[in-house]
Amino acid sequence: LPEARAEFEKCVAGFQPGTPEQAKALVQLARACARLGDRAQVRQCLEEALRIDGRTPVFGEQEQREIQQLLADAGAGAGA
């Protein structure tokens, strides 16, 4: 998993900031961080992905639910 995290970090850095591609890479990175127990990084990645999604819709309902669940599991549920 640390290798996967490093690869997703490269992907995030490789995309132009604020793009749908970066938002999707941020969610992938958040998933890897969640498995590694890095709750702060999960929150940071998902909050940025949601900011991008707020400007340019990227995620469907299922992805939105998964993001909200990951945030809740990381201790930053809706309203936090």
Side-chain angles (χ1 to χ4, degrees):
L1 275 174
E3 297 84 13
R5 178 182 180 160
E7 286 302 312
F8 288 127
E9 287 172 341
K10 288 180 194 174
C11 287
V12 168
F15 288 119
Q16 185 170 345
T19 60
E21 294 83 7
Q22 188 186 48
K24 290 181 181 195
L26 283 162
V27 172
Q28 293 292 335
L29 176 56
R31 288 175 181 141
C33 291
R35 289 186 187 104
L36 292 167
D38 188 346
R39 294 165 47 155
Q41 187 67 38
V42 170
R43 288 191 302 270
Q44 183 179 342
C45 289
L46 294 178
E47 288 167 0
E48 180 59 24
L50 289 173
R51 276 193 287 278
I52 295 168
D53 185 65
R55 292 190 300 268
T56 305
V58 177
F59 305 113
E61 278 186 44
Q62 184 174 346
E63 291 165 310
Q64 288 281 352
R65 282 193 300 272
E66 179 188 4
I67 289 168
Q68 292 305 318
Q69 185 61 55
L70 285 167
L71 281 169
D73 291 347

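Position 1 is the first residue of the sequence; numbering continues from there.
- If you take OG1 on Thr19 and CD1 on Ile52, they are separated by 6.0 Å, rounding to the nearest 0.5 Å.
- Hydrophobic clustering, with ILVMFWY side chains joined whenever heavy atoms are under 4.5 angstrom apart, keeps Phe15 apart from Phe8.
- Smallest separation of non-hydrogen atoms from Ala74 and Val42: CB-CG1, 3.9 Å.
- Taking SG of Cys45 as the start and CZ of Arg43 as the end, the distance is 11.0 Å to the nearest 0.5 Å.
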Go through the steps to decide whether Val58 and Val27 satisfy the test side chain to side chain contact (heavy atoms under 4.5 Å, CB included), and finish with yes or no.
CA-CA 11 Å; Val58 177; Val27 172; over 6 Å; no
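- Pro20 approaches Thr56 most closely through the heavy-atom pair CG-CG2, 4.2 Å.
- Closest non-hydrogen pair, Ala49 versus Phe59, comes out as O-CE1, 3.8 Å.
- At distances below 3.5 Å, at least one donor-acceptor pair connects side-chain atoms of Glu63 with backbone N or O atoms of Gly60.
- Residue Gln41 holds its CD atom at 10.5 Å from CG of Leu36, rounded to the nearest 0.5 Å.
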Verify salt bridge (Lys or Arg N to Asp or Glu O under 4.0 Å) between Glu7 and Lys10, making sure each step is shown before the conclusion.
CA-CA 5 Å; Glu7 286 302 312; Lys10 288 180 194 174; 3.4 Å; yes
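- Sequence neighbours left out, the pairs with a member in residues 25-36 that pass salt bridge (Lys or Arg N to Asp or Glu O under 4.0 Å) are Arg31-Glu66.
- Gln22 contributes atom CD, which lies 11.0 Å from atom SG of Cys11 (distance to the nearest 0.5 angstrom).
- Looking at Val12 and Gln28, their side chains never come closer than 4.5 Å, going by heavy atoms from C-beta outward.
- Between Glu48 and Arg51 there is a salt bridge, since a side-chain N of the basic residue sits under 4.0 Å from a carboxylate O of the acidic one.
- The distance from atom CG of Leu70 to atom CG of Leu46, rounded to the nearest 0.5 Å, is 5.5 Å.
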As a quick check of understanding, evaluate side chain to side chain contact (heavy atoms under 4.5 Å, CB included) for Glu61 and Arg65, giving each step before the final call.
CA-CA 6 Å; Glu61 278 186 44; Arg65 282 193 300 272; 3.6 Å; yes
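- Rounded to the nearest 0.5 angstrom, Leu26 CG and Asp53 CG are separated by 11.5 Å.
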